[in-house]
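Read the structure below first, then the notes.
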Protein chains: 2
Amino acid sequence: MATIKDVARLAEVSTATVSRVLNGNGYVHLETKERVAKAIQQLNYRPNDVARSLYKGRSKMIALFVPDIMNPFFPELARAVEDMAKQHEYTFVLCNTDDDPEKEIAYIEALKQKSLDGIVVVSSTMSGAYMKDFDLPVIALDRILHKDLSSVTVNNKEGALQAVEYLKEIGCKRIAHIAGPEHVSNAKQRLNGYLDAVKQEDWFKYSYVEQGEYHFEEAKQATQRLLEKHPEIDGLFVANDLMGVGALKAAEALGIRVPEDLSIIAFDGITLGETTTPTLTTMAQPIYKIGARAAEMLIHQIEQIEQEKQDEEFKVTLVERDSTRNRREIHDNN
Amino acid sequence: MATIKDVARLAEVSTATVSRVLNGNGYVHLETKERVAKAIQQLNYRPNDVARSLYKGRSKMIALFVPDIMNPFFPELARAVEDMAKQHEYTFVLCNTDDDPEKEIAYIEALKQKSLDGIVVVSSTMSGAYMKDFDLPVIALDRILHKDLSSVTVNNKEGALQAVEYLKEIGCKRIAHIAGPEHVSNAKQRLNGYLDAVKQEDWFKYSYVEQGEYHFEEAKQATQRLLEKHPEIDGLFVANDLMGVGALKAAEALGIRVPEDLSIIAFDGITLGETTTPTLTTMAQPIYKIGARAAEMLIHQIEQIEQEKQDEEFKVTLVERDSTRNRREIHDNN
DNA sequence: GTGAAAGCGCTAACAT
DNA sequence: ATGTTAGCGCTTTCAC
């Protein structure tokens, strides 16, 4: 590959001048500029980003940390971050952390050696203190990591409340909840939203809440336990779609009809919910948008456009599908 | 961050000696080695990979090109490539190409400027000539790109044949096919496997093949068309799982029971097939394995362990689920 | 307006 | 066994 020296030689100027043309810095005579441009073209010259990075101490690379890309919620997020990165001419590095703090730290160390410019992080385990102490720009996505870190999230609590209110509205009389992991901030918020909506109902019992760990299989089992213990349940708010599908499967295994005997609403709005039978009603997050916004905030922070910490909260919207929709009609006809 | 100079100064040696200790090259007295090690530890020194890359012209970075990470087949592949990259201390870059040759080329150009070491490519559009001409190590994954490029694939044709034979075995008398895009090599192979299995059957018609483009929605519509035109169809081989789910949905919409009236088998073995109702029988690829193997071959090629071009083919295995399994019992009971 | 030269942090001859 | 030094390709002061 041609270097800046080759271009300089061909254009009969110094490398400094070529650099000026390249970066649009400093004064350079129009005529020489054109000579340089021609040489660049002729040699099909592309500046070496590594040399640039070495000098500048910055790499034009950002990373996205996700617990596991195989969880169907994250590919769309990844896609958004990548698109935004590309748009700003950043390279996109994807890191699966398995929510393991050691892996997270190992990745950070490795990427720092490459002069990584910043990270969008989906994590619940990473020690907020650690994240905050080390000097890279960081945006927390989907979950709050530390109060000093900028974040992009959705109105989890309010969304959960709306979900439960919706179940009430379509006629559910006993509404239970399959919760996400306790240490994940958004899971806790969704649980709180549920509790706010039901705690003063005379039928409410704490055993109406089961742990699903944000996993398909755990959620399926949890739902099965719940429905066996409490056959009176006729409405279920599940903390995410992946678990919602598990709940659907549990009902199917027990011979409970959805939505005739049981209405199910979940949270996230991933495509998976459109492929099940019945399709899954959900509180949909603007997944791509929040990913894109997080990436944009990160890049602004890197480029010093925004300095101060900020938290952005997007709104979720109800998407009615078959795991509840028919139920309303049944109710209306009564 | 501390540099090699700081370490040298603290250990009272030259930077060359530090470098030797760092890389385990050349002779260095045990005592001085320990002094250097102590200094490194004391300063919490980490070598700057950018400087290294500049000198070596290599970056310890590899990329994976996929058409679209939101297609559920690719996250597992990505996960495998990333894991293998990490294991060999490579950084992992993910690129969504949308199967657009211009994007592919733009990515390649950008990554070359960063001294990227190699690429694992899932692509059907990238001009083989282009890929072959430019000097980076490349492994084609899932699809064959060019005869001179190493590749990792599965036995698509044979697997397709097995799928159709299986349908026959469980009693299907009229078997149709939803095909993938014609320009994708594995889709063509699966189609050929189907044709081999059915072309000498007296009932076979070419209108038993419909185009599904590897998309959920297109496949759903294609299946609907097919079943309306040919109500005699009692077996369906679909070229991938994503389309298989579409086919399931189409049958549901038409009131055709699966597997009682129609048996459906697809191809890939993605998790999505376990979440549908009924669950989807499939010819499962060892997805993680082929991704890991492709990454490993790439790294070997980069590190000159393997030089010559090689093609590896993995085998698919039948995974019986509910979209066909019950049917055999029905058949056996007859 | 342009060039010479230092330096980003590291590695590998080459010298001793 | 260890140090000196050139150089990877670029940017940016500082002269002119």
Side-chain angles (χ1 to χ4, degrees), chain A residues 1-40 43-61 89 91 109-117, chain B residues 1-40 43-61 89 109-117 303:
Chain A
M1 292 199 30
T3 74
I4 199 170
K5 270 190 190 165
D6 301 324
V7 177
R9 202 174 308 128
L10 184 59
E12 296 179 293
V13 295
S14 74
T15 61
T17 300
V18 179
S19 176
R20 286 192 190 98
V21 181
L22 238 38
N23 300 292
N25 293 335
Y27 296 91
V28 41
H29 198 84
L30 180 62
E31 189 189 301
T32 48
K33 185 189 274 183
E34 281 167 354
R35 230 175 40 247
V36 170
K38 212 169 74 185
I40 288 177
L43 296 169
N44 189 29
Y45 167 75
R46 299 273 176 275
N48 180 327
D49 278 337
V50 179
R52 253 181 198 175
S53 293
L54 179 58
Y55 182 86
K56 299 216 168 186
R58 317 228 268 99
S59 62
K60 293 222 111 191
M61 269 180 24
E89 302 188 278
T91 296
E109 294 297 335
L111 291 169
K112 268 177 142 177
Q113 293 183 236
K114 292 192 129 50
S115 300
L116 186 88
D117 293 337
Chain B
M1 290 202 25
T3 74
I4 199 170
K5 271 190 190 163
D6 301 324
V7 177
R9 201 175 307 126
L10 183 59
E12 296 179 292
V13 294
S14 74
T15 61
T17 301
V18 178
S19 177
R20 286 191 192 100
V21 179
L22 238 39
N23 299 291
N25 292 336
Y27 296 92
V28 40
H29 199 83
L30 181 62
E31 189 188 301
T32 49
K33 184 190 276 185
E34 281 168 354
R35 232 177 38 248
V36 170
K38 211 169 76 186
I40 288 176
L43 295 170
N44 190 28
Y45 165 76
R46 298 272 176 274
N48 180 326
D49 278 338
V50 179
R52 259 185 191 172
S53 293
L54 179 58
Y55 182 84
K56 300 214 168 190
R58 318 226 268 99
S59 62
K60 294 223 110 191
M61 270 180 24
E89 302 188 278
E109 294 297 335
L111 290 170
K112 268 177 143 177
Q113 293 183 239
K114 292 193 130 48
S115 300
L116 186 87
D117 293 337
E303 297 178 350

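Just so we're on the same page: letters track the sequence lines, and every chain starts at 1.
- Of the inter-residue distances, the one linking A/Asp49 atom CG with B/Leu54 atom CG reads 11.5 Å to the nearest 0.5 angstrom.
- In this structure A/Asn23 satisfies the side-chain contact (heavy atoms from CB on, under 4.5 Å) test together with A/Ser19, A/Asn25, A/Arg52, sequence neighbours excluded.
- Under the side-chain hydrogen bond (donor to acceptor under 3.5 Å, both in side chains) criterion, B/Arg46 pairs with B/Asn44, not counting sequence neighbours.
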Between the protein and nucleotides 14-16 of chain D, which nitrogen or oxygen pairs are less than 3.5 angstrom apart?
none

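- In this structure, B/Val50 and B/Tyr55 have side chains that are not in contact, with every pair of non-hydrogen atoms separated by 4.5 Å or more.
- Residues A/Leu22 and A/Tyr45 are in side-chain contact: their nearest non-hydrogen atoms beyond the backbone lie under 4.5 Å apart.
- Annotation: the terminal axes of the helix from C/dG1-D/dC16 to C/dT16-D/dA1 meet at 50°, where each axis is the rotation carrying the C1' atoms of four end pairs onto the next four (5 pairs per end, rounded to 10°).
- Across residues 43-56 of chain B, B/Leu54, B/Tyr55 each have a non-hydrogen atom less than 4.0 Å from an atom of DNA chain D (numbered order).
- Here the straight-line distance linking atom CG of A/Asn48 with atom OG of B/Ser115 works out to 5.0 Å at 0.5 Å rounding.
- No side-chain donor-acceptor contact under 3.5 Å links A/Ser59 to the backbone of A/Ser53.
- If you take CZ on A/Arg35 and NE2 on A/His29, they are separated by 9.5 Å, rounding to the nearest 0.5 Å.
- Along DNA chain C, read 5' to 3', the first and last nucleotides having any atom under 4.0 Å from a heavy atom of chain B are C/dG9 to C/dA13.
- Of the residues in residues 21-31 of chain B, those with a non-hydrogen atom less than 4.0 angstrom from any atom of DNA chain D are B/Tyr27, B/Val28, B/His29.
- Residues passing the salt bridge (charged side-chain N to carboxylate O under 4.0 Å, His left out) test with A/Lys38, sequence neighbours excluded: none.
- D/dC8 atom C1' lies 14 Å from atom CE of A/Met1, rounded to whole Å.
- Here A/Thr3 does not reach the OP1 or OP2 of D/dG9: none of its side-chain N or O atoms lies under 4.0 Å away.
- Not counting sequence neighbours, the partners of B/Lys60 by the side-chain contact (heavy atoms from CB on, under 4.5 Å) test are A/Lys114, B/Glu89, B/Tyr90, B/Asp117, B/Glu303.
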Could you tabulate the donor-acceptor pairs under 3.5 Å formed by side-chain atoms of residues 3-13 of chain B, not counting sequence neighbours?
unit_1	atom_1	unit_2	atom_2	d
B/Thr3	OG1	B/Lys5	N	3.2
B/Asp6	OD1	B/Arg9	NH1	3.4
B/Asp6	OD2	B/Thr3	N	2.8

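- Identified under the salt bridge (charged side-chain N to carboxylate O under 4.0 Å, His left out) test for residues 24-34 of chain A, with sequence neighbours left out: none.
- The distance from atom CD1 of B/Ile4 to atom P of D/dG7 is 19 Å, rounded to the nearest whole Å.
- If you check residues 11-18 of chain A against DNA chain D, the residues with a heavy atom closer than 4.0 Å are A/Ala16, listed by number.
- The distance from atom NZ of B/Lys33 to atom C1' of D/dG3 is 18 Å, rounded to the nearest whole Å.
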